[in-house]
Amino acid sequence: MIVQTLSPAVRSGAALAAVIGALTVTGCAGADSSADSAEPMEYADGTYTAEGSYQTPENVERVSVTLTIADNLVAGVEVAGDPGARETEQYQAAFISGIATEVVGVPLDEIDVSRVAGSSLTSGGFNAAVAEIKAQAALEQ
């Protein structure tokens, strides 16, 4: 019979690895089960408009967002800006030219843009307007 004796450092390292492994498995199971329990929101079909604002280094800028919703999907989008600075005008124009490819055909609950056509700050105003539109269009469940 061969008996191998492990040093205390090796035993504690093995114990630590076992605990980390158990926590990892438990964490994965918990993440999957909570995702399954969330029910998607239902939204009334229609066209909704809201304004959102965002901070630039120079000032607070605003965008007006109009979304057409059909079967909980974004069927159309229009964004209008009113830039206060020349640089903002360029970024809003780039954002407006690229936003449709990011959101049309996407479920309303999944809309959360971060950077569109190189414009990252405009997305803050857009997302704020989308949150307002979700509130307007939400059906009571």
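Residues: numbered from 1 along the sequence shown. Because only heavy atoms are used, hydrogens play no part in the values below, and waters and symmetry mates are left out as well, while side chains stay in.
Between Q92 and V63, the shortest heavy-atom contact is NE2-CG1, 3.7 Å. Taking each heavy atom of A129 and G52 in turn, the nearest pair found is CB-N, 3.9 Å. Between V60 and S53, the closest heavy-atom pair is CG1-CB, 3.9 Å. Scanning all heavy atoms of the two residues, the minimum distance from D45 to A70 falls at OD1-CA, 3.3 Å. Summarising the geometry of A94 relative to A117, their closest heavy-atom pair is O-CB, 3.2 Å, with the distance given to 0.1 Å.
For N59, the CG atom counts as densely surrounded, since its 6.0 Å shell holds more than 12 non-hydrogen atoms of other residues, nucleotides or ligands.
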>> side chain to side chain contact (heavy atoms under 4.5 Å, CB included) for F95 and V113? Distances and angles first, verdict last.
In response: CA-CA 10 Å; F95 184 92; V113 297; 4.2 Å; yes

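Side-chain atoms of S119 do not come within 3.5 Å of backbone N or O of V116 as any donor-acceptor pair.
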For residues 72-91, run the donor-acceptor check on the side chains, cut-off 3.5 Å, and write out each pair with its distance to 0.1 Å, sequence neighbours left out.
residue: N72; atom: OD1; partner: Y43; partner atom: N; Å: 2.7
residue: N72; atom: ND2; partner: E42; partner atom: OE1; Å: 3.0
residue: T88; atom: OG1; partner: E61; partner atom: OE2; Å: 3.3

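Taking the side chain as every heavy atom from C-beta outward, P57 and L121 approach each other to under 4.5 Å. Side-chain contact between I111 and F126 is present, with heavy atoms from C-beta onward closer than 4.5 Å. Two residues are said to be in side-chain contact when any heavy atoms from C-beta on lie closer than 4.5 Å; D112 and V130 fail this criterion.
From T49, atom OG1 reaches atom CG of L67 across 8.0 Å, with rounding to the nearest 0.5 Å.
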